[in-house]
Colleague: 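For reference, the structure I am asking about is given below.
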Amino acid sequence: MAESLERRKARARALVRRLERTYPDARIALTFSNPLELLVATILAAQCTDERVNQVTQGLFKKYRTAEAYAKADLAALEREVYSTGFFKAKARAIIGMAKDLVAKHGGQVPRSLGELTALPGVGRKTANVVLGNAYGQPAIAVDTHVFRVSQRLGLAKSEDPEKVHDQLCQVIARAKWTRVSHLLTTHGRRVCTARSPACPDCPVLALCPWPGKTRAFA
DNA sequence: ATCCCGAGGG
DNA sequence: CCCTCTGGAT
């Protein structure tokens, strides 16, 4: 007999309440409210520290201020500029391709719907949801590896498919809380519920956690 | 050595 | 479903 939806929602509420009290300062690490800047910064953030993204974007955002500017950018030059964030060839290509699409199909503006965002080259489900939630104030859960892992361990989602995890989270979390929960789960994943050696003894939701592997890293 | 606030391609 | 792309942190 599977846990009922109402039961799972109640569990999720308890978890979120506790995380909310533990991480009142939880927020997205890349705080660009400008949609284009947030979009570019989020693309650069893949497999890269926030510090380095902030470092690289400082110069980048002075040079490129519009989608048109990125669309006309020299590929080799942009590759050099984003080099230290890793995946530099793919990222530079993605940014230019995305910008060309913004100019050609959206008047140089960053669109506001999930479908339009993910249709942009280089923009996937995670990046699109970051933009929706943090630049446009729409309820949106961005499933990065932290949110995925923490959701699995806390039993908020069961699937191995990130897409389904996203949907299961949306099912169990109140819509108004989506963006906030995204930040809370990411913060918890970075600070405590880490991939390799989770700090279970210090975990604020240990009592609510059904993960079979909990605390064993320290046994 | 292994993983990471991903996405596209085969 | 698998693989690849990359530097950096641990």
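Throughout, a chain's letter reflects where its sequence line sits, starting with A, and its residues are numbered from 1. Heavy-atom basis, side chains included; hydrogens, waters and symmetry copies ignored.
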Colleague: Could you tell me the separation between the NZ atom of A:Lys89 and the P atom of C:dC5, rounded to a whole number of Å?
Modeller: 11 Å
Colleague: How many Å lie between CD1 on A:Ile95 and P on C:dT6, as a whole number?
Modeller: 13 Å
Colleague: With no angle test and no hydrogens, is the base of B:dC5 tied to the side chain of A:Lys126 by a donor-acceptor pair under 3.5 Å?
Modeller: yes
Colleague: Taking atom types as modelled and ignoring hydrogens, do the side chains of A:Arg191 and A:His188 form a donor-acceptor contact shorter than 3.5 angstrom?
Modeller: no
Colleague: Atom CG of A:Leu39 to atom C1' of B:dA7: distance rounded to whole Å?
Modeller: 13 Å
Colleague: Applying side chain to side chain contact (heavy atoms under 4.5 Å, CB included) between A:Ser84 and each of A:Val56, A:Thr49, A:Val53, A:Leu44, report the one that passes.
Modeller: A:Val56
Colleague: When the C1' atoms of C:dT4 and B:dC3 are compared, how many Å lie between them, rounded to an integer?
Modeller: 16 Å
Colleague: Hey, does A:Val123 reach any base, or is it just sugar-phosphate, or nothing, if we go heavy atoms under 4.0 Å?
Modeller: sugar-phosphate
Colleague: Applying salt bridge (Lys or Arg N to Asp or Glu O under 4.0 Å) between A:Glu81 and each of A:Lys91, A:Lys63, A:Lys62, report the one that passes.
Modeller: A:Lys63
Colleague: Using atom P of each nucleotide, how far apart are C:dT6 and B:dG10 to the nearest Å?
Modeller: 16 Å
Colleague: Which whole number of Å gives the distance between the P atom of B:dA7 and that of C:dA9?
Modeller: 22 Å
Colleague: Check the phosphate of B:dA7 against A:Thr127, side-chain N and O only, distance under 4.0 Å to OP1 or OP2. Yes or no?
Modeller: yes
Colleague: To the nearest angstrom, how far is A:Gln47 atom CD from B:dG8 atom P?
Modeller: 14 Å
Colleague: Please state how far atom CG in A:Asn54 lies from atom C1' in B:dC5, giving the value in whole angstrom units.
Modeller: 13 Å
Colleague: Side-chain heavy atoms under 4.5 angstrom apart, residues restricted to Ile, Leu, Val, Met, Phe, Trp, Tyr: same cluster for A:Val205 and A:Trp211?
Modeller: no
Colleague: Which residue, A:Thr49 or A:Ala46, contacts DNA chain C at a nucleotide closer to its 5' end, judged by nearest heavy atom?
Modeller: A:Ala46
Colleague: With the criterion set at under 5.5 Å between ring centres and under 30 degrees between planes, would C:dG7 be stacked on A:Phe88?
Modeller: no
Colleague: Whole angstroms only, please: what is the CG-P distance between A:Asp161 and B:dG6?
Modeller: 17 Å
Colleague: Determine the contact category for A:Leu44: base if any of its heavy atoms lies under 4.0 Å from a base atom, sugar-phosphate if only primed atoms, P, OP1 or OP2 are that close, otherwise nothing.
Modeller: nothing
Colleague: So, OP1 or OP2 of C:dT6: does either fall under 4.0 Å of a side-chain N or O from A:Tyr83?
Modeller: no
Colleague: Atom CD1 of A:Ile43 and atom P of C:dT6: how far apart are they, to the nearest Å?
Modeller: 15 Å
Colleague: Once you measure the plane-to-plane angle for A:Tyr70 and A:Tyr64, does it fall in the parallel (<30°), tilted (30-60°) or perpendicular (>60°) bin?
Modeller: parallel
Colleague: Can you check the A:Arg52 CZ to B:dC4 C1' distance for me, whole Å?
Modeller: 14 Å
Colleague: What nucleotide among C:dG8, C:dT6, B:dC5 has an atom nearest to a side-chain atom of A:Asp50?
Modeller: B:dC5
Colleague: Mind checking if A:Pro121 touches a base, just sugar-phosphate, or nothing, with heavy atoms under 4.0 Å?
Modeller: sugar-phosphate
